[in-house]
Amino acid sequence: MMMTPAQLIAFEDRVAATFNAGRIRAPVHLYSGNEEQMIEVFQDVAPQDWVFCSWRSHYQCLLKGVPEDEVFAEIMAGRSISLCFPEHRVYSSAIVGGVLPIAVGTAMAIQRSGENARVHCFMGEMTAETGIAHESMKYARNHQLPIRFIVEDNGKSVCTDTREAWNQSTLSFEGRRDDHVHYYRYETRYPHAGAGQRVQF
Ligand SMILES: Cc1ncc(C[n+]2csc(CCOP(=O)(O)OP(=O)(O)O)c2C)c(N)n1
């Protein structure tokens with residue numbers, strides 16, 4: 001059953017408190033303010049589908065069906081930044097743009113094999129402005145690959161304003177909602193990494 005916004009928020013709050021207490025000795029990247037949007041995205045994700053993420057992936061893991069305890073245990077083990085649960089078809093990388101070609105390749109394999117599955121590839125709005133994102137999206141669209149890119153716009157790239165950085169008031173995929181790109185905007189109450197008290201960058 002799909003998790004509720006309150007359950008997602010409670011999970012991140014628990015990670016935040018544990019991190020601020022010094023009990024997680026590796027970076028964490030938390031979500032907030034996008035619970036409704038994420039639940040909407042996951043209404044269109046089937047169990048056999050693949051989900052590709054970045055350094056910020058707790059909500060995707062939970063909504064794909066990885067048990068809360070398993071996600072939490074991996075975070076405690078210091079692996080929040082690149083959570084992978086192959087048996088649930090969830091794969092993450094902390095390299096900006098790193099998962100995009102892998103996600104495209106997975107969609108190519110699905111198309112060639114005729115398997116009934118899709119790929120959902122998440123990225124921040126700064127990642128969406130990089131060359132590799134534009135190439136991945138162009139290739140996927142032109143070859144009609146079974147992949148959807150979800151662009152999550154929190155306005156920031158670490159501490160940099162993404163629109164200021166590119167001197168572009170409207171971003172490349174802003175407002176896009178079609179078969180291949182799903183853009184949404186959100187305001188987070190957390191910093192880029194950490195939970196606002198300990199080890200901030
Ligand atoms: C190749 C590479 N360059 C730089 C970084 C450092 N870095 C981590 S996250 C990030 C900003 C990404 O911003 P955005 O794509 O908007 O995602 P958000 O964290 O805001 O969700 C940067 C530059 C990295 N992880 N990989």
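Just so you know, ligand 1 is whichever comes first in the structure, and atom 1 is the first atom listed for that ligand. One-based numbering along the sequence shown.
Hydrophobic cluster of Met126: the remaining members, joined at side-chain heavy-atom separations below 4.5 Å, are Trp166, listed by chain and number.
Remark: the His143 side chain and the Gln111 side chain contain no N/O donor-acceptor pair separated by less than 3.5 Å. For the residue pair Gln37/Tyr186, the side-chain donor-acceptor check at 3.5 Å is not satisfied.
Between Phe173 and His182, the ring center distance fails the sub-6.0 Å criterion.
Under the 6.0 Å distance and 45° angle rule, Arg177 does not count as a cation-pi partner of Tyr183.
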Write none if no such pair exists; otherwise list each N/O atom of ligand 1 with its protein N/O partner under 3.5 Å and the distance.
unit_1: ligand 1; atom_1: 15 (O); unit_2: Thr127; atom_2: N; d: 2.9
unit_1: ligand 1; atom_1: 15 (O); unit_2: Thr127; atom_2: OG1; d: 2.6
unit_1: ligand 1; atom_1: 16 (O); unit_2: Glu125; atom_2: N; d: 3.3
unit_1: ligand 1; atom_1: 16 (O); unit_2: Glu125; atom_2: OE1; d: 3.2
unit_1: ligand 1; atom_1: 16 (O); unit_2: Glu125; atom_2: OE2; d: 3.4
unit_1: ligand 1; atom_1: 16 (O); unit_2: Met126; atom_2: N; d: 3.0
unit_1: ligand 1; atom_1: 16 (O); unit_2: Lys156; atom_2: O; d: 3.2
unit_1: ligand 1; atom_1: 19 (O); unit_2: Trp55; atom_2: NE1; d: 2.9
unit_1: ligand 1; atom_1: 19 (O); unit_2: Arg56; atom_2: NH2; d: 2.8
unit_1: ligand 1; atom_1: 19 (O); unit_2: His192; atom_2: ND1; d: 3.3
unit_1: ligand 1; atom_1: 20 (O); unit_2: Asn154; atom_2: OD1; d: 3.1
unit_1: ligand 1; atom_1: 20 (O); unit_2: Asn154; atom_2: ND2; d: 3.0
unit_1: ligand 1; atom_1: 20 (O); unit_2: Lys156; atom_2: O; d: 2.9
unit_1: ligand 1; atom_1: 21 (O); unit_2: Arg56; atom_2: NE; d: 3.3
unit_1: ligand 1; atom_1: 25 (N); unit_2: Ala94; atom_2: O; d: 2.8
unit_1: ligand 1; atom_1: 26 (N); unit_2: Val96; atom_2: N; d: 3.0

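Contact of the Asn34 side chain with the Thr188 side chain is not registered, since no non-hydrogen atoms from C-beta on lie closer than 4.5 Å.
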